[in-house]
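Contents: one structure, followed by commentary.
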Amino acid sequence: MDLKNIPTIIKKSWFSILFYGLIILLIFSPAAKSWLLQQVVSTGIFKAEIKQDASESLPAAAAFSFTDANGKVASTADLKGKVVFINFWASWCPPCRAEMPSLENLYKKLKDNNNLVFLFINEDNDPDKAINYLQKNNFTIPFYNASADVPVEIFNGSLPTTIVLNKEGKVVLKHTGMAQYDTEKFVRQLTQLE
């Protein structure tokens, strides 16, 4: 191969080089994947919605123990009388990262509501990585870990998974996969459960 021909080859195939470079970046960079997915989420295609008629196909309840950042253990069963928003996530998960800004916005909008509890259950093997991820991105969501096995009807390992419990502790939303949670419609649906 003649080195003099390299500029000509690049000029002729610049689009292919750029395309394959982007594909390689998306394959090997979680940050690039999460950025792309975040752009998709922001279009509104993946909207969260609490449907009244979906309760027949949902698990009856979601009782499990969790630990806060200070090591205090509690249970979702102790939260009856409050609406509970639960999100299972991990810092290495691109769809989790993609929906995190909308979760942060939802939390900021409703964190002072005493009738609503947010449980962001981290599934990282190393909690320090998750805490660093939150701090690096200035996310203020509360950090929790499951302290015992979560029933498989509630969380089967697919990330992200979001559960909403009404005041009676019944599951009114189970969503697996990323979604946008800070929409006016979803905020209204969540607060109407109070």
Side-chain angles (χ1 to χ4, degrees), residues 26 29-52 54 58 62 64 66-70 74 76 79 81-124 127-146 150 154-155 158-167 169-194:
L26 288 173
S29 172
K33 282 183 219 173
S34 64
W35 179 86
L36 179 64
L37 292 172
Q38 189 174 7
Q39 303 316 304
V40 173
V41 166
S42 69
T43 65
I45 293 173
F46 296 99
K47 294 179 184 172
E49 183 177 2
I50 299 172
K51 297 178 182 175
Q52 299 299 327
L58 295 172
F64 64 91
F66 57 91
T67 307
D68 68 14
N70 299 321
T76 56
L79 300 173
K82 297 186 182 269
V83 175
V84 183
F85 181 94
I86 307 166
N87 180 267
F88 294 91
W89 69 282
S91 64
W92 50 263
C93 164
C96 301
R97 287 178 170 216
E99 73 176 8
M100 193 60 73
S102 80
L103 292 170
E104 174 72 12
N105 290 337
L106 176 69
Y107 175 69
K108 283 182 176 179
K109 287 179 184 179
L110 299 173
K111 69 180 179 180
D112 295 326
N113 184 330
N114 293 329
N115 296 317
L116 184 61
V117 175
F118 286 93
L119 298 177
F120 295 96
I121 309 292
N122 181 259
E123 293 293 316
D124 280 276
D128 289 337
K129 286 183 180 180
I131 291 168
N132 289 338
Y133 167 76
L134 293 175
Q135 290 172 346
K136 177 182 171 192
N137 291 285
N138 297 315
F139 293 131
T140 60
I141 63 169
F143 183 84
Y144 297 97
N145 288 101
V150 178
I154 300 304
F155 178 62
S158 296
L159 292 173
T161 295
T162 300
I163 306 290
V164 175
L165 307 177
N166 66 13
K167 291 190 299 187
K170 294 186 179 195
V171 178
V172 294
L173 171 75
K174 179 179 180 187
H175 181 82
T176 302
M178 64 184 183
Q180 185 172 7
Y181 292 100
D182 60 350
T183 64
E184 287 182 33
K185 182 178 181 180
F186 186 75
V187 170
R188 188 173 52 254
Q189 290 177 335
L190 201 55
T191 55
Q192 286 174 348
L193 293 172
E194 295 175 18

Nearest 0.5 angstrom please: [X] [atom1] to [Y] [atom2], how far?
X: Thr67; Y: Phe143; atom1: OG1; atom2: CZ; value: 10.0 Å
X: Thr162; Y: Lys174; atom1: OG1; atom2: NZ; value: 11.0 Å
X: Trp89; Y: Tyr133; atom1: CH2; atom2: OH; value: 7.0 Å
X: Leu79; Y: Leu116; atom1: CG; atom2: CG; value: 10.5 Å
X: Ile86; Y: Phe118; atom1: CD1; atom2: CZ; value: 11.5 Å
X: Asn137; Y: Asn132; atom1: CG; atom2: CG; value: 10.5 Å

Would you say Asn145's side chain and Asn122's backbone share a donor-acceptor pair under 3.5 angstrom? yes

Sub-3.5 Å donor-acceptor pair from the side chain of Lys167 to the main-chain atoms of Leu193, do we have one? no

Could you go through the side-chain contact (heavy atoms from CB on, under 4.5 Å) check for Ile121 and Phe64 one step at a time? CA-CA 11 Å; Ile121 309 292; Phe64 64 91; 4.2 Å; yes

Assess the residue pair Leu165 and Val83 against the criterion (side-chain contact (heavy atoms from CB on, under 4.5 Å)); give the C-alpha distance rounded to whole Å, side-chain angles, the decisive distance to 0.1 Å, and a yes or no. CA-CA 6 Å; Leu165 307 177; Val83 175; over 6 Å; no

Minimum side-chain heavy-atom gap Phe155-Ile163 below 4.5 Å: no

Would you say the side chain of Glu194 lies within less than 4.5 Å of the side chain of Asn113, judging by non-hydrogen atoms?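 SC-SC contact between Asn113 and Glu194 confirmed.
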
Would you call the rings of Tyr144 and Phe66 parallel, tilted or perpendicular, taking 30° and 60° as the class edges? perpendicular

Check residues 92-109 and write down every donor-acceptor pair under 3.5 Å in which the side-chain atom is one partner and the other belongs to a residue at least two apart or another chain.
unit_1	atom_1	unit_2	atom_2	d
Arg97	NE	Ser91	O	2.5
Arg97	NH2	Ser91	O	3.2
Glu99	OE1	Ala179	N	3.0
Glu99	OE2	Asn87	ND2	3.0
Ser102	OG	Glu99	O	3.0
Ser102	OG	Tyr181	N	3.2
Glu104	OE1	Thr140	N	2.8
Glu104	OE1	Ile141	N	3.3
Glu104	OE2	Thr140	N	3.1
Glu104	OE2	Thr140	OG1	2.6
Asn105	ND2	Pro101	O	3.4
Asn105	ND2	Asp182	OD2	2.9
Lys109	NZ	Asp182	O	2.8

Is it the case that the side chains of Asp68 and Asn70 hold a donor-acceptor pair, with the cut-off being a distance below 3.5 Å and no angle test? no

Around atom CD of Gln192, are there more than 12 heavy atoms from other residues, nucleotides or ligands closer than 6.0 Å? yes

Which heavy atom of Thr161 sits nearest a heavy atom of Ser158, and at what distance?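 Minimum heavy-atom separation between Thr161 and Ser158: OG1-O, 2.5 Å.
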
